[in-house]
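Down below is the structure, laid out as structure tokens.
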Amino acid sequence: MAIVTTKEMFAKAYAGGYAVGAFNVNNMEIIQGITEAAGELKAPVILQVSKGARAYANHNYLVKLVQAAAEENPEIPIALHLDHGDSFELCKSCIDGGFTSVMIDASSKPYEENIALTRKVVEYAHDHGVVVEAELGTLAGVEDEVSVDADKAMYTHPEEVVDFATRTGCDSLAIAIGTSHGAFKFKPGTKPQLRFDVLEECSKQLPNFPIVLHGASSVPQEFVAMINEFGGNMPGAIGIPEEQLRQAARSAVCKINIDSDIRLAMTASIRKYFMEHPDHFDPRQYLKPARQAVKDMVHHKIVDVLGCDGKA
């Protein structure tokens with residue numbers, strides 16, 4: 001199956017009460033681990049490339065790797081998505097370069113500026129058969145090029161979503177209901193709680209419209225503990241409870257971005273490997289179990305959090 005847009009994925013997800021996983025990719029092993037898990041589970045999947053990942057790995061390399069993954073897994077739909085595009089020029093470059101979906105994130109700008117920039121990207125993308133995700137509301141946290149202080153985070157205002165979606169023509173909308181970027185989302189001792197009232201009101205205002213959650217990693221504590229055991233230093237890394245993400249996936253949320261769990265699993269595996277095999281130096285030796293750790297993590301997310309296994 002060729003790389004596809006998210007349009008049909010989201011329509012099926014909305015109707016079926018599940019969400020499609022969006023996983024950030026940086027290299028071959030991550031792409032392989034994600035798509036092998038999705039292929040075995042017959043699950044749709046979105047491979048995301050951030051501005052930082054694109055600069056690190058090179059646009060052409062990443063596109064070709066995703067195309068190879070699609071050829072290796074012809075039975076599942078795979079979308080290639082730009083995560084947190086911050087300019088028209090970046091979005092245009094990705095559209096022209098083979099991406100099937102782009103996000104324009106102008107959420108930090110004043111409302112009217114957000115609308116104007118999003119509309120500009122939408123017009124160009126739709127002319128080229130590409131879909132657009134926009135953002136309304138601001139998430140706290142740090143992820144690649146995105147950095148927002150907690151005191152500047154802002155929940156989405158449900159009364160704005162109809163006007164925003166209508167005037168921009170965006171295909172999906174990322175909203176802020178209490179998720180946060182990065183692994184250090186919440187302080188130790190706090191109890192993370194998503195604002196399901198905001199989500200419910202947004203979905204009422206925009207019936208049958210795909211909603212997206214960013215910053216939705218659960219930060220599994222077993223991998224935090226493993227990283228710390230084998231030489232790391234990650235005290236107080238806390239994420240979103242998975243049962244809350246599963247609840248969101250049953251609603252209007254059609255796409256859930258999982259931004260840190262893969263990196264945690266991969267890093268923990270590599271740290272453990274080097275402590276147990278200090279004389280090894282071949283990247284194939286330590287990247288093989290790291291790739292398996294990614295695959296196992298994605299398998300778990302697809303089945304237990306997203307509920308999209310067998311939905312391809």
Side-chain angles (χ1 to χ4, degrees), residues 5-11 13-15 19-20 22 46 48 79 81-92 94-95 100-141 146 148-181 194-216 248-257:
T5 73
T6 57
K7 191 172 184 65
E8 185 176 353
M9 286 185 191
F10 289 169
Y14 199 104
V20 180
I46 300 166
Q48 298 194 149
H81 176 73
L82 169 66
D83 190 27
H84 287 290
D86 60 0
S87 68
F88 172 79
E89 291 73 22
L90 176 58
C91 291
K92 180 180 182 299
C94 289
I95 293 166
T100 57
S101 175
V102 296
M103 178 191 186
I104 177 63
D105 181 2
S107 60
S108 62
K109 300 181 182 297
Y111 182 72
E112 291 297 332
E113 290 184 29
N114 189 351
I115 287 177
L117 179 53
T118 300
R119 181 64 199 173
K120 184 178 181 180
V121 172
V122 167
E123 289 174 349
Y124 188 83
H126 286 182
D127 284 345
H128 293 78
V130 173
V131 296
V132 177
E133 174 187 326
E135 182 163 333
L136 191 59
T138 308
L139 274 65
V146 180
V148 178
D149 293 336
D151 59 355
K152 294 183 179 178
M154 181 178 65
Y155 290 120
T156 301
H157 299 301
E159 65 271 16
E160 295 178 340
V161 296
V162 173
D163 179 69
F164 184 87
T166 301
R167 292 172 62 189
T168 62
C170 63
D171 301 282
S172 60
L173 183 63
I175 64 172
I177 62 169
T179 54
S180 178
H181 291 298
L194 299 184
R195 287 287 303 276
F196 285 103
D197 58 325
V198 175
L199 172 58
E200 182 179 359
E201 188 58 34
C202 286
S203 62
K204 284 182 179 178
Q205 295 293 326
L206 287 173
N208 300 312
F209 194 88
I211 300 296
V212 175
L213 288 188
H214 282 253
R250 293 189 181 99
S251 67
V253 173
C254 296
K255 172 177 179 268
I256 294 181
N257 289 21

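Given the structure is predicted, the values throughout are model-derived calculations rather than measurements. Below, all heavy atoms of this structure are taken into account, side chains as well, without hydrogens, waters or symmetry copies. Numbers for residues simply follow the sequence, beginning at 1.
Separating the CD1 atom in I211 from the OG atom in S251 is a distance of 8.5 Å, to the nearest 0.5 Å. Here the CD1 atom belonging to I256 is positioned 5.5 Å from the CG atom belonging to L213, to the nearest 0.5 angstrom. Once rounded to the nearest 0.5 Å, the distance linking CZ of R195 with SG of C202 reads 10.5 Å. Here CD of E135 is found 9.0 Å from CZ of F164. Values are rounded to the nearest 0.5 Å. Remark: I95 CD1 to T100 OG1 distance equals 10.5 Å, nearest 0.5 Å. In this structure, the separation between CD1 on I104 and CG on L82 is 8.0 Å, given to the nearest 0.5 Å.
The backbone N or O of E200 sits less than 3.5 Å from a side-chain atom of S203, completing a donor-acceptor pair. Proximity of a side-chain donor or acceptor of T118 to a complementary backbone N or O of I115 within less than 3.5 Å is not detected. Put simply, the side chain of T156 gets close to the backbone of A176: a donor and an acceptor are under 3.5 Å apart.
Under the side chain to side chain contact (heavy atoms under 4.5 Å, CB included) criterion, S87 pairs with E89, L90, not counting sequence neighbours. With sequence neighbours left out, the salt bridge (Lys or Arg N to Asp or Glu O under 4.0 Å) criterion links E8 to K12.
Within the 4.5 Å cutoff, side-chain heavy atoms of I46 are placed close to those of T6. Residues M103 and H214 are in side-chain contact: their nearest non-hydrogen atoms beyond the backbone lie under 4.5 Å apart. Using a 4.5 Å cut-off on side-chain heavy atoms (C-beta onward), V131 and S101 make contact. The side-chain heavy atoms of F209 and Y14, taken from C-beta on, include no pair separated by under 4.5 Å. A 4.5 Å side-chain heavy-atom check between E160 and Q205 finds every atom pair outside the cut-off. Looking only at side-chain heavy atoms (C-beta outward), N114 and L136 come within less than 4.5 Å of each other. In this structure, V162 and L206 have side chains that are in contact, with non-hydrogen atoms separated by less than 4.5 Å. In this structure, the side chains of N257 and V212 come closer than 4.5 Å at one or more pairs of heavy atoms.
Between F196 and A248 the shortest heavy-atom distance is CE2-N, 3.9 Å. Of all heavy-atom pairs between L194 and G178, the closest is CD2-C, 3.9 Å. Here the shortest heavy-atom pairing between E201 and P158 reads CG-CB, 3.4 Å. Considering all non-hydrogen atoms of both residues, G137 and S107 come closest at O-CB, 3.2 Å.
Of the N and O atoms on the side chains of H126 and D171, at least one donor lies less than 3.5 Å from an acceptor on the other residue. D197 and Y155 are not linked by any side-chain donor-acceptor pair at a separation below 3.5 angstrom, with hydrogens and angles left out of the test. Side-chain atoms of H84 and E133 form no donor-acceptor pair, as typed in the model, at a separation below 3.5 Å.
Taking the six-membered ring where the residue is Trp, Y124 and F88 present perpendicular rings, their angle passing 60° and hence far from 30°.
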Discussion item. Apply salt bridge (Lys or Arg N to Asp or Glu O under 4.0 Å) to residues R167 and E112 and explain how you reach the verdict.
Written reply: CA-CA 10 Å; R167 292 172 62 189; E112 291 297 332; 2.7 Å; yes

Worksheet entry | From CA spacing to verdict: side-chain contact (heavy atoms from CB on, under 4.5 Å), K92, H128 | CA-CA 10 Å; K92 180 180 182 299; H128 293 78; over 6 Å; no

Practice prompt. May I have the step-by-step check of side-chain contact (heavy atoms from CB on, under 4.5 Å) for K109 and L117, ending in yes or no?
Written response: CA-CA 10 Å; K109 300 181 182 297; L117 179 53; 3.9 Å; yes

